[in-house]
Amino acid sequence: MAVQISPSILNSDFARLADEVAAISPAADWVHVDVMDNHFVPNLTLGLPVVESLLKVSELPLDCHLMIQDPDRWAPAYAEAGAKSVTFHIEAAAAPIRLARNLRAAGARAGMALKPATAIEPYEDLLPELDMVLIMSVEPGFGGQKFLESVLPKVRRTREAIARHGGQIWLQMDGGVSAETIERCADAGADVFVAGSAVYAAEDRDRAVRELRAMAEKATSDASWACAH
């Protein structure tokens with residue numbers, strides 16, 4: 001399983017988004033775009049027009065995390081615009097299987113996000129329809145929150161569920177991922193890491209991405225779940 005780093009532009013300077021995206025290329029694998037609608041979460045960030053603009057200037061593929069109501073209606077447009085990964089919240093989706101299939105049909109990887117208190121077990125049967133599971137390690141809505149250790153057992157259970165289904169499904173962690181927490185996330189089973197302030201607050205963002213990757217790769221190489229593959 002290859003470690004991937006997806007820096008979140010939620011912590012960047014929105015007045016200079018093109019430059020802020022360029023600042024993480026080519027060290028990162030993705031640009032993580034947090035879309036918030038002030039309904040599903042109590043914050044308003046950016047939407048489809050900004051994503052369409054970023055697609056024109058980004059050398060990296062866009063990883064769109066939709067913290068919005070009614071993703072069944074709105075999410076496919078992000079895939080149709082060219083985002084290569086589109087993640088919806090299971091708590092907001094009315095027909096998640098149909099939505100995941102629509103995202104894949106539009107050319108994107110289909111991701112399912114879980115809030116910290118949402119268990120994976122009721123949704124395990126959806127795994128064959130998905131390319132990624134995103135586990136929130138903070139409550140969605142704001143950057144810079146403290147990492148919730150309580151989600152790590154869920155990460156382990158999700159990795160076990162993925163192994164049972166045998167698919168090549170990525171397991172992404174989002175929220176409070178930093179040099180202090182990324183090794184525990186990787187040991188628990190995550191292989192894709194969203195880092196916001198850990199990258200954008202660093203003086204050398206390229207170096208910050210490389211250091212996070214190295215830490216995650218070492219932890220993954222020693223992890224029991226990775227050795228089983």
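Looking at Q168 and D131, their side chains never bring a donor and an acceptor atom within 3.5 Å of each other. Using modelled atom types and a 3.5 Å distance limit, the side chains of D63 and S6 yield a donor-acceptor pair.
With contacts defined as side-chain heavy-atom distances shorter than 4.5 Å, the pair L114/I120 qualifies. Residues S85 and M132 meet the side-chain proximity criterion, which asks for heavy atoms closer than 4.5 Å. D191 has its side chain out of reach of T220: every pair of non-hydrogen atoms, C-beta onward, lies at least 4.5 Å apart. Using a 4.5 Å cut-off on side-chain heavy atoms (C-beta onward), I68 and V35 make contact. At least one side-chain heavy atom of Q172 sits under 4.5 Å from a side-chain heavy atom of H32. D222 places none of its side-chain heavy atoms less than 4.5 Å from the side chain of D187.
For R213 (side chain) and A27 (main-chain N/O), a donor-acceptor pair under 3.5 Å exists by modelled atom type. With D29 contributing its side chain and I5 its backbone, the two residues share a donor-acceptor pair below 3.5 Å. Between the side chain of R109 and the main chain of T87, no donor-acceptor pair closer than 3.5 Å is present. Judged purely by atom type and a 3.5 angstrom limit, D174 has no side-chain atom pairing as donor or acceptor with the backbone of M136. A donor-acceptor pair under 3.5 Å links the side-chain atoms of K154 to the main chain of P116, judged by distance alone. Side-chain atoms of D206 never come within 3.5 Å of backbone atoms of P26 as a donor-acceptor pair (strictly under, hydrogens ignored). The backbone N or O of G176 lies less than 3.5 Å from a partner atom in the side chain of T181, making a donor-acceptor pair. Here the side chain of S178 pairs a donor or acceptor atom with the backbone of E180 at under 3.5 angstrom. No donor-acceptor distance shorter than 3.5 angstrom exists from the side chain of R98 to the backbone of A94, with no hydrogens or angles considered. Put simply, the side chain of Y78 gets close to the backbone of L48: a donor and an acceptor are under 3.5 Å apart.
Atom CD of E217 has more than 12 neighbouring heavy atoms from other residues, nucleotides or ligands inside a 6.0 Å radius.
Between H89 and F40, the ring planes are tilted. Angles from 30° to 60° get that label.
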>> Could you go through I9 and Y200, starting from their C-alpha distance and side-chain angles, then the distance that decides it, and tell me whether this counts as side-chain contact (heavy atoms from CB on, under 4.5 Å)?
In response: CA-CA 8 Å; I9 59 171; Y200 275 103; 3.7 Å; yes
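In summary, E211 and R207 engage in a salt bridge, as defined by a charged side-chain N under 4.0 Å from a carboxylate O.
By the rule that hydrophobic residues join a cluster once side-chain heavy atoms approach within less than 4.5 Å of another member, V86 and F88 end up as members of one cluster.
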